[in-house]
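So you know, we letter chains A, B, ... as the sequences are listed, proteins then strands, and number each from 1.
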Number of protein chains: 2
Amino acid sequence: MSLTGPDGSRRFRRSPRRYLPILDWGRRYDRALFGADLLAAVIVTIMLIPQSLAYALLAGLPAETGLYASTLPLLLYTFFGTSRTLAVGPVAVVSLMTAAAVGNLGETGVSPVAAAAILALLSGLMLLAMGLARLGFLASFLSHPVISGFITASGILIAGSQLQNLLGIKAGGQTLPDLATALATHLSGTRLDAVLIGFGTLGFLLWARRGLGPLLKRRGVAPGLAAVLVRAAPVLAIALTTFISWHLGLAERGLAVVGTIPAGLPALSLPGFDAAIWLKLATPALMISIIGYVETVSIAQTLAARRRERIDHDQELVALGASNLGAAMVGGFPVTGGFARSVVNFDSGARTPAAGALTAIGMALATLALTGLLYHLPQATLAATIVIAVLSLVDLSALPRTWTYSRADGLTMAVTVLITLGFGVEKGIATGVILSLATHLYRTSRPHVAVVGQVPGTEHFRNVDRHHVVTAPDVLSIRIDESLYFPNARFLEETLYAQVSSHPEIRDVVLMCPAVNAIDASALEALEAVNDQLLSSGVRLHLSEVKGPVMDRLRRSHLLDNLGGKVFLTHADAMAALAPDLTAKTRAEPRCETARDERGLC
Amino acid sequence: MSLTGPDGSRRFRRSPRRYLPILDWGRRYDRALFGADLLAAVIVTIMLIPQSLAYALLAGLPAETGLYASTLPLLLYTFFGTSRTLAVGPVAVVSLMTAAAVGNLGETGVSPVAAAAILALLSGLMLLAMGLARLGFLASFLSHPVISGFITASGILIAGSQLQNLLGIKAGGQTLPDLATALATHLSGTRLDAVLIGFGTLGFLLWARRGLGPLLKRRGVAPGLAAVLVRAAPVLAIALTTFISWHLGLAERGLAVVGTIPAGLPALSLPGFDAAIWLKLATPALMISIIGYVETVSIAQTLAARRRERIDHDQELVALGASNLGAAMVGGFPVTGGFARSVVNFDSGARTPAAGALTAIGMALATLALTGLLYHLPQATLAATIVIAVLSLVDLSALPRTWTYSRADGLTMAVTVLITLGFGVEKGIATGVILSLATHLYRTSRPHVAVVGQVPGTEHFRNVDRHHVVTAPDVLSIRIDESLYFPNARFLEETLYAQVSSHPEIRDVVLMCPAVNAIDASALEALEAVNDQLLSSGVRLHLSEVKGPVMDRLRRSHLLDNLGGKVFLTHADAMAALAPDLTAKTRAEPRCETARDERGLC
């Protein structure tokens with residue numbers, strides 16, 4: 001990597017390889033890299049088989065759609081992605097959002113499978129468009145409290161929805177109140193076989209996470225093999241419960257199983273156009289695109305940083321768009337970068353995106369081999385694997401931690417959690433984004449303001465309320481610690497008028513601007529108004545310590561022409577010019593009435 | 001005035017007189033103040049009579065509603081207002097918004113008069129609620145480009161709508177395309193009498209503005225009297241054209257005149273409750289409240305500043321709310337502080353809000369005396385007075401001026417103008433507000449970033465791209481000129497990773513924070529992630545020049561516990577600790593390869 005400048009991605013832009021990063025890393029691909037990628041691909045495939053089935057179930061779709069969504073999308077990411085180690089495929093949160101979108105279609109005559117493919121297609125087109133238009137920065141407007149709150153709430157909703165499968169009942173519901181009501185109504189239909197298989201699998205998987213690794217190590221199994229075996233625990237659980245289900249004929253007795261899966265790989269096709277359905281799915285598709293993109297970029301960036309690699313945010317949009325178009329073509333559902341799988345891919349030694357292509361091949365082989373065997377797989381088993389996967393998403397401890405740091409952010413997170421739980425994922429995110437913006441605007445609309453005085457014997461100026469400083473009676477020095485822009489433009493005017501009207505002796509006002517990173521047209525207008533009003537009452541407005549870019553812009557306005565006072569490079573210069581007596585006095589080390597502090601100040 | 005601290009309004013809050021400022025200034029009221037207020041009231045009344053009739057016409061309401069709206073609302077403002085010189089009453093822009101709201105009701109069976117009273121009632125309640133909840137700051141979110149663009153577009157729309165009255169046709173329309181279409185369709189119905197009276201009045205008023213004052217002065221009229229006579233020009237025009245209209249019997253020939261006005265003052269009453277109508281009028285009422293409040297506060301603050309007086313923003317909301325409730329009770333329409341009238345009130349020497357009460361009495365007397373005389377007043381005359389009044393609102397020159405200063409603000413203003421003209425006032429404002437926010441977020445999402453080095457022989461650090469500075473190869477000093485918050489949290493991560501991944505020799509990163517006024521939870525999370533990732537690749541993250549309030553907050557997080565590096569008070573301290581060789585070298589005045597500049601630097 002040899003990028004220069006903070007905006008290093010420019011280098012990608014100039015290259016013709018920007019849109020096909022495989023042309024870059026593919027040229028240096030060799031046998032050693034292939035060996036590393038293959039090992040990672042095998043481990044990820046073992047992990048992905050149960051997950052792909054489970055997330056299809058979570059999305060309210062037939063199990064095979066999860067397998068399909070784990071083939072072509074992964075292959076396409078290999079060609080277009082810039083992350084070396086991201087593992088794309090079905091993930092829990094996006095599957096939950098898919099379930100909500102597909103479930104809301106009601107009586108439109110569109111099958112859930114067709115709707116999910118349309119959703120993937122729309123999401124793919126949106127992501128591609130955002131990538132080509134370089135709109136990756138839009139994802140920045142999802143603040144961390146919103147994402148964190150939304151993910152936690154999604155985890156709770158997913159676990160809640162899977163509780164039904166663990167109990168062997170099917171009642172539906174997309175929000176916590178709905179799920180609770182449905183559960184209460186149908187609780188009497190609980191099936192013992194589902195409970196035994198579901199909670200048995202849950203217990204086994206929980207134990208496998210903590211206890212299997214150490215056990216294998218104590219038995220002398222090589223660490224590498226032990227890691228593979230731990231990852232294979234869900235596959236083992238599936239094999240075992242499928243065998244039990246088949247052996248006892250539980251499907252015939254009414255236990256919910258995966259059932260018939262079409263043989264072979266899906267034919268490639270694209271969903272037809274239907275304006276009414278597309279319009280209905282557009283908002284969920286946009287939400288899925290943005291959430292999926294944010295997840296992808298967060299993971300990809302974290303992993304890339306560990307190896308001092310870089311990713312290109314806009315190209316990630318293109319790659320994710322291509323993957324989702326691929327998901328639509330194979331009749332899958334929206335996909336994105338999965339956190340747990342990507343970490344496993346990384347830890348297993350994946351070196352290039354080729355690991356993803358190898359995983360896709362593994363999943364295609366699994367699809368060909370498994371379709372006959374999965375008929376008797378109990379849905380309760382898959383529900384248990386989902387619950388295990390989403391437990392790590394729920395992080396309620398972030399709530400008090402964020403609240404302690406910032407009330408505004410804590411409130412935003414809490415509201416996002418509550419609205420997501422109570423009213424669903426889309427309303428939760430929308431409310432969170434609005435709250436993030438509102439709290440930011442509220443904060444900057446009332447910035448910290450200090451009247452400052454000179455620290456005797458120095459050229460430093462500090463808040464008169466906090467420090468022992470000296471001031472000149474007819475010069476007001478005031479510092480505003482915020483960029484000046486429309487939410488605080490009126491505050492600025494009001495503050496200056498308040499100061500001047502309460503101190504009739506003031507003849508000069510110096511606005512100290514070291515913290516002012518920008519002055520927009522509204523604040524400029526306010527400054528011009530203040531300048532005019534002060535001038536008409538015989539007071540001069542000066543500026544000091546204006547930053548270079550801010551000054552460049554002010555030179556394009558009329559403020560400087562009409563300014564009653566001057567613009568000083570430093571505040572000390574301003575005071576030397578406006579209150580020479582004070583400067584002389586403070587330089588002469590004034591006598592203290594009280595004891596001096598450790599800095600020698602009064 | 002003896003307010004202390006920038007938030008001087010606190011003093012009002014503690015006083016029981018906060019909600020009735022008249023208790024404060026009323027105690028010191030004397031004969032001299034009364035004399036001054038009375039003179040101002042006479043002049044404002046002369047100005048308000050034609051305006052109140054004209055704005056009623058503009059609002060699509062009978063002429064008397066304008067007179068009614070100029071009585072009780074003014075009296076109530078005297079009790080509740082904090083501005084000494086604000087003149088409340090019907091104004092052009094709010095009348096236009098009233099016309100749009102009342103006109104959109106369609107076939108609901110509610111008369112325009114009843115709808116206008118409901119609008120005033122809702123607006124009054126909203127303003128009162130905002131005032132009591134201290135939500136005055138909400139108005140700050142209307143940026144100057146939005147207000148300026150909206151007012152200019154409103155002026156154009158008002159002039160466009162009055163063109164119909166000047167031509168003697170009635171075709172309606174709330175947007176520029178509608179107005180143009182209506183005009184084109186009905187142009188053949190143009191009446192010569194309306195054109196002569198309308199454009200004749202227009203010419204006379206334009207001349208009176210520029211030429212009448214100097215003429216009277218040349219004729220030896222005292223300046224005070226001359227000023228009153230100039231203000232009386234519209235009254236003269238009304239008297240003259242009413243006489244012509246009556247004398248020639250133009251009303252009987254089909255000229256649009258004011259017509260029958262009920263005798264006497266209106267009975268006090270409040271509109272009844274009708275959920276469907278109230279709901280329909282809620283959005284326009286909110287828009288009218290906010291726009292009216294912004295206008296009021298802008299004018300009141302400007303005038304108060306001229307005399308070093310102060311206004312209380314939240315109490316202004318209460319006062320404006322009371323005024324609008326008053327407007328509803330007398331069957332008027334929404335009122336607010338008018339710019340031109342307030343300036344006239346100020347210039348005529350008004351000293352206290354009592355001038356408003358005296359104006360209200362004058363308007364009540366006018367209502368009693370005039371109702372019989374106004375029957376023959378041509379609407380074309382009133383249209384001419386409106387056009388004169390709104391010409392000063394249209395300021396298209398602000399557009400290129402703002403564009404020069406800031407592309408983002410210029411774009412916002414242009415779009416606000418275009419959307420207001422094309423789609424009406426509400427959509428125009430809404431679009432403008434969204435654009436203001438979006439451009440602010442976009443700007444702060446990509447802040448200015450500088451890699452800095454030491455200016456030799458000093459403790460100053462400057463951008464390596466702009467200045468001759470020295471740097472240590474294994475220490476990266478980087479300065480971000482913006483508060484760190486969610487829109488730039490990812491940018492921050494990306495920037496630091498890009499720098500570190502492109503310079504493998506880096507062992508220490510110092511983030512210089514003099515321009516960081518806040519760090520929100522998203523940016524904290526980003527800093528924690530960067531710190532962890534850098535640590536795992538053997539790089540320490542340090543901070544320098546962190547502001548007091550930001551540091552206070554960071555102490556409540558885990559960042560400082562886990563920070564790989566340290567927090568330095570100054571950047572010079574950081575460099576002295578991390579690159580002592582460099583500091584020693586730069587203090588030893590390195591030899592220059594090029595000539596030294598005026599500061600003695602290489």
Inset, instruction - Check whether the ring centres of Phe486(A) and His144(B) lie less than 6.0 Å apart, and answer yes or no. - result: no
Inset, instruction - Consider only side-chain N and O atoms of Glu493(B) and Gln301(A), and report whether a donor and an acceptor are under 3.5 Å apart. - result: yes
Please classify the contact of [X] with chain A as side chain, backbone, both or neither, using a heavy-atom distance under 4.5 Å.
| X | value |
| --- | --- |
| Thr302(B) | both |
| Val146(B) | neither |
| Thr402(B) | side chain |

Region of [X] that comes under 4.5 Å of a non-hydrogen atom in chain B:
| X | answer |
| --- | --- |
| Ile519(A) | both |
| Ala521(A) | both |
| Thr444(A) | neither |
| Ser445(A) | side chain |
| Glu525(A) | side chain |
| Phe141(A) | both |

Would you compute the distance between atom [atom1] of [X] and atom [atom2] of [Y] and round it to the nearest 0.5 angstrom?
| X | Y | atom1 | atom2 | answer |
| --- | --- | --- | --- | --- |
| Ser406(A) | Asp520(B) | OG | CG | 7.0 Å |
| Trp403(A) | Arg556(B) | CH2 | CZ | 11.0 Å |
| Leu441(A) | Leu437(B) | CG | CG | 5.5 Å |

Legend entry - Exercise: identify the closest heavy-atom pair between Leu554(B) and Tyr405(A): CD2-OH, 3.6 Å
Legend entry - Which atom of Ser140(A) lies closest to which atom of Pro487(B), heavy atoms considered: CB-O, 3.1 Å
Legend entry - Top contributor to chain A contacts, counting heavy-atom pairs under 4.5 Å, from His448(B), Arg466(B), Lys547(B), Arg555(B): Lys547(B)
Legend entry - Contacts with chain A made by residues 528-539 of chain B (heavy-atom distance under 4.5 Å), listed by residue number: Gln533(B), Ser537(B), Val539(B)
Legend entry - Side chain to side chain, Pro514(A) and Pro514(B), heavy atoms closer than 4.5 Å: no
